[in-house]
Amino acid sequence: MMTTIPKNRELPSKEAAVFKSILKFYEHKQYKKGLKGADQILKKAPDHGETLAMKGLFCHCLDRKEEGHEYIKKGIRQDIRSHICWHVYGLVHRAEKNYEEASKCYAQALRCEPENIQILRDFSQLQIQMRNYEAFNESRHKLLSVRPEAKMHWFGLAVSYHLLKKYDEAEKILLAYVDGATEEATPYAAYEKSELLMYHNMIIEESGNFSRALAHLDTIRPNVLDKKNWAESKARLLLKSQQYALAEVEYAKLLSNNADSEPYLQGLLASKQLDGPLDDTKRERILRALKDVATKNPRSHAANMMALRYAQGQEFETILNVFLTKSFQKGIPSLFKNLREIMADPVKAKVIEDTVLSYSAELDKSSTLDGESDVEPPTTKLWVLYFLAYLYDFKKDYQQALTIIDQAIEHSPTVVELLMLKAKIYKHCGDVESAMNTINEGRLLDLQDRYINSKCSKYMLANDQMKMAEDTVALFTKSNNPDPVQDLTDMQCLWYAAAAGKSFARQRLYGQALKKFHLIESHFSNFYDDQFDFHGYALRKVTLRAYVDLIRAHDTLRGHKYFVKTAKAAVQLYIDLFDKPPSLNPEGVDTSNMTEQEIKKALKKQKKAEAKTQLAATQTPQDPKKKVDDDPLGKKYLENADFLGEASKFLKHLHHCVPNDIEGWLLACEVNLRKEKLLLVLKAIHQAEAIDPAEPKVHLYKLRFCLAVEQYRQQENKNSTVLQVLEDAKKQFTAGRSLQTLNQAFGKDFPGAKYQIVFAQAKLLLNEPVEKAVAVLKSLPSEILLEEAIEAHKLLKNWKQKEAAEQVGEKYRLAFPLASYFK
């Protein structure tokens, strides 16, 4: 039975043909031709809803977004029952990342045309993008019922059940497809079959039925092309099913192909039942097993490194001696980084230090490492000095580290790595200017090295030398682009945006700082949206295992270190802006707490930056596809902004992707105390304490929480249930003691510098005389971390204790003679 076309949707035959052609133009991204065709139809049928909607879609694709929305809305008004109009509106919302609205539009389109394949496919992709697995499963059911002959609909439904952890249903779908499928004579048929079988095995394994997964793996072996993954799966399943002897055989086979794989080594030890708590017997068996692997595979770096982790006493010294000797003779710059994990053990760290010092002394004496072996080439001495400089930098003995690295540079002045390490030592000393100058010397030794060029630019940003950083990084950006920063933005360069944002924040250019922080957030948002390209592709190409891994990886995408660091910096900046809103001049510079001379200097610097931006804009050929930056100073992030609301958005990502990062929860305490959301403060305190009970700031937030509860009790519109929860938490924190008594006990029990700094802050919080808090900070020893010394000095300045700040500053100027902060 044919569907009757409503009269308001009918078009004459010529215009109907044109309408079909404009649909093709959209599919082939020929938007200008499509717009021309839509105008042609609208001359004859100006109220044709579907054509109006398509014209709006073409306008939107041509970056005429507001005009596009108007035409689409007009089209919907003219033909509200058209699935094309609603589908087009959904596509526009999806392009604007307004997924909730897009979902509503797709749902409405399906009410008008329930079995439209294209709408169902787009809707299902949107649902999996939003991680709405139940709705995704429902859409996949509909797609399969409408077109059961398409294999990708079977795979899509299986994946939907897999993600819902309904493993039996996922298996049934795959088996039903296999039973009804015919052999395809295509070049990729064998590969697709192999992938499908391995995906089936993945589902069985994740269901927890390891014995059946193992039996299934043996059955499918002749048809699997990915032999390496098959072998890994078999070893893993044998281990999970506690068939240890067979698992040991399989892991030994895997190690014969790749002896540097740590997961293989861990699997071998687990198959020998050597995982779990250690005792002397187990340690001896582990070392014997690792020695056996190293004997069969002499070049296995992973086996030697793992042996160093487990060895103790004389055995550790023996293994270390062999390992270090080979490494120094080869000249491995990353040697210290490889051993950094082992240096966490103070006993082993001392052995490593003594061993390398003995090498250095023996090389000076006899040019050998042990006084008996062959004479070493001069490079061996170089890498021994390099390692020692790294070691003393790690121990925070910066003077000794600088002395040794200078010896290495005198030995071989043209080795770039030496100057890079010296710059790092200066950075750790707090002398960012010397660090920048030193690494720039290294950069000039090898102008073709992109890595050191980027590193040098990063050090320049750390020293707030924006112009120098731009000129340096421009050496490796596109030569035809006069704006290197824009080129880095187009390439989604994270490190530059992060370093530039922090530099802008230090220079009080808060709008530009926030702009850089939000730029990184937009990069990660784009990374996440890139999944859209694979929702259909993976099902067509039967890369189902990789697809499921992709979905899971993107769920914690913002756990990447650059996003985490940037989010924390952004949250802290938003907190500072909330506490003290900037008094901006028209150029977007915060002039609060600036002298007249500093204001003039900042304004001059800002005007130079603006002039440069305008010059670049006039010299750059105008690309109509590129969006013009109408807010180079980032004023929109400062004017009428909800600072705490924006901070909460960053915190939401941190809590989801890195829930074990204590700094994220401490920042949540700060934000929610200001928002007066005490239940969220309580949650953040509990989370932070669970991660690290010894974190001193937890004590401070408990005190602030208790004071906030007192204020909440006095409110007229308080919630009695909430108050009861808060009161119970306060009683638990104080254990019946006053806050002053609690703080005194804290100060007595924890003498460390970071605890005493919190102790002093708490005194001021509890309205004790400022002299008492100052006395605590003045009593801090000289032998503390540079970060702790700077924090103590900043607190005294913030408390307007000028004399005490000068005394403390002088003390730490002597303790940290290279630190720029105290100069």
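Just so we're clear, the structure is a prediction, and the values are computed from it rather than from any experiment.
When all heavy atoms of Ser233 and Met198 are compared, the closest pair comes out as OG-CE, 3.7 Å. Leu120 approaches Pro114 most closely through the heavy-atom pair CD1-O, 3.9 Å. Across all non-hydrogen atoms, the minimal contact from Cys85 to Asp79 is SG-O, 3.9 Å. Considering all non-hydrogen atoms of both residues, Thr543 and Glu195 come closest at CA-OE1, 4.3 Å.
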Check step by step if side chain to side chain contact (heavy atoms under 4.5 Å, CB included) holds for Lys24 and Gln30. CA-CA 8 Å; Lys24 294 288 184 184; Gln30 296 175 327; over 6 Å; no

Passes side chain to side chain donor-acceptor pair (under 3.5 Å), Glu206 versus His162? Steps please. CA-CA 9 Å; Glu206 290 189 11; His162 183 189; 2.8 Å; yes

Chi angles and distances behind the side chain to side chain donor-acceptor pair (under 3.5 Å) call for Asp63, Tyr31: CA-CA 11 Å; Asp63 208 25; Tyr31 305 130; over 6 Å; no

Steps toward side chain to side chain donor-acceptor pair (under 3.5 Å) verdict (Ser648, Lys675): CA-CA 10 Å; Ser648 296; Lys675 294 171 80 173; 2.9 Å; yes

Check the pair Tyr177 / Leu196 against side chain to side chain contact (heavy atoms under 4.5 Å, CB included), numbers first and verdict last. CA-CA 10 Å; Tyr177 167 75; Leu196 194 60; 3.7 Å; yes

Take Val548 and Met202, measure what side chain to side chain contact (heavy atoms under 4.5 Å, CB included) needs, and give me the verdict at the end. CA-CA 10 Å; Val548 172; Met202 177 185 183; 4.0 Å; yes

Step-by-step ring pair (Phe, Tyr, Trp, His ring centres under 6.0 Å) determination, His653 to Phe563: CA-CA 9 Å; His653 291 307; Phe563 182 85; 5.8 Å; yes

Apply side chain to side chain donor-acceptor pair (under 3.5 Å) to His60 and Glu67, showing your working. CA-CA 7 Å; His60 191 274; Glu67 187 181 353; over 6 Å; no

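Residues His200 and Leu175 form a side-chain contact, since some pair of their non-hydrogen atoms from C-beta on lies under 4.5 Å apart. Considering only heavy atoms from C-beta on, Trp86 stays 4.5 Å or farther from Leu91 through its side chain. Residues Ile520 and Lys565 are not in side-chain contact: their nearest non-hydrogen atoms beyond the backbone lie 4.5 Å or more apart. Side-chain contact between Glu27 and Ile22: absent, with no pair of heavy atoms (C-beta onward) separated by less than 4.5 Å. In this structure, Met54 and Tyr71 have side chains that are not in contact, with every pair of non-hydrogen atoms separated by 4.5 Å or more. Under the 4.5 Å side-chain criterion, counting only non-hydrogen atoms from C-beta, His69 is not in contact with Ile72. A heavy-atom distance below 4.5 Å is not found between the side chains of Thr51 and Lys55.
In this structure, Tyr547 and His535 have perpendicular ring planes: the angle between them is above 60°, well past the 30° mark.
A distance below 6.0 Å separates the ring centres of Phe524 and Phe527. Checked against the 6.0 Å centroid criterion, the rings of Phe58 and Phe25 do not qualify as a close aromatic pair. Aromatic ring centroids of His87 and Tyr106 lie under 6.0 Å apart. Taking the six-membered ring wherever Trp is involved, the centroid distance between the rings of Tyr562 and His523 does not fall below 6.0 Å. In summary, the aromatic rings of His141 and Tyr161 are positioned with their centroids under 6.0 Å apart.
More than 12 non-hydrogen atoms from other residues, nucleotides or ligands lie less than 6.0 angstrom from NZ of Lys227. Counting non-hydrogen atoms of other residues, nucleotides and ligands closer than 6.0 Å to OH of Tyr496 gives a total above 12. Dense packing is recorded around CZ of Arg131, with more than 12 heavy atoms of other residues, nucleotides or ligands lying under 6.0 Å away. The neighbour count for Lys65 NZ, taken as heavy atoms of other residues, nucleotides or ligands under 6.0 Å away, is above 12. Surrounding NZ of Lys97 are more than 12 heavy atoms belonging to other residues, nucleotides or ligands, all under 6.0 Å away. For Glu149, the CD atom is densely surrounded, since the number of other residues' heavy atoms within 6.0 Å is greater than 12. Glu101 CD: more than 12 foreign heavy atoms inside a 6.0 Å radius. Applying the 6.0 Å contact sphere to CD of Glu169 captures more than 12 heavy atoms from other residues, nucleotides or ligands.
Rounded to the nearest 0.5 angstrom, Arg212 CZ and Asn201 CG are separated by 9.5 Å. Rounded to the nearest 0.5 angstrom, Arg111 CZ and Ile119 CD1 are separated by 12.0 Å. Taken from CG in Leu488 to CD in Glu470, the straight-line distance is 9.0 Å, to the nearest 0.5 Å.
Judged by the 6.0 Å distance and 45° axis criteria, Arg94 is positioned over the aromatic ring of Phe532.
Considering Arg558, Lys652, Lys515 in turn, Arg558 is the only one that fulfils the salt bridge (charged side-chain N to carboxylate O under 4.0 Å, His left out) rule with Glu521.
Taking a cutoff of 4.0 Å between a charged side-chain nitrogen and a carboxylate oxygen, Lys228 and Glu232 qualify as a salt bridge. Between Asp490 and Lys478 no salt bridge is recorded (no basic side-chain N to carboxylate O distance below 4.0 Å).
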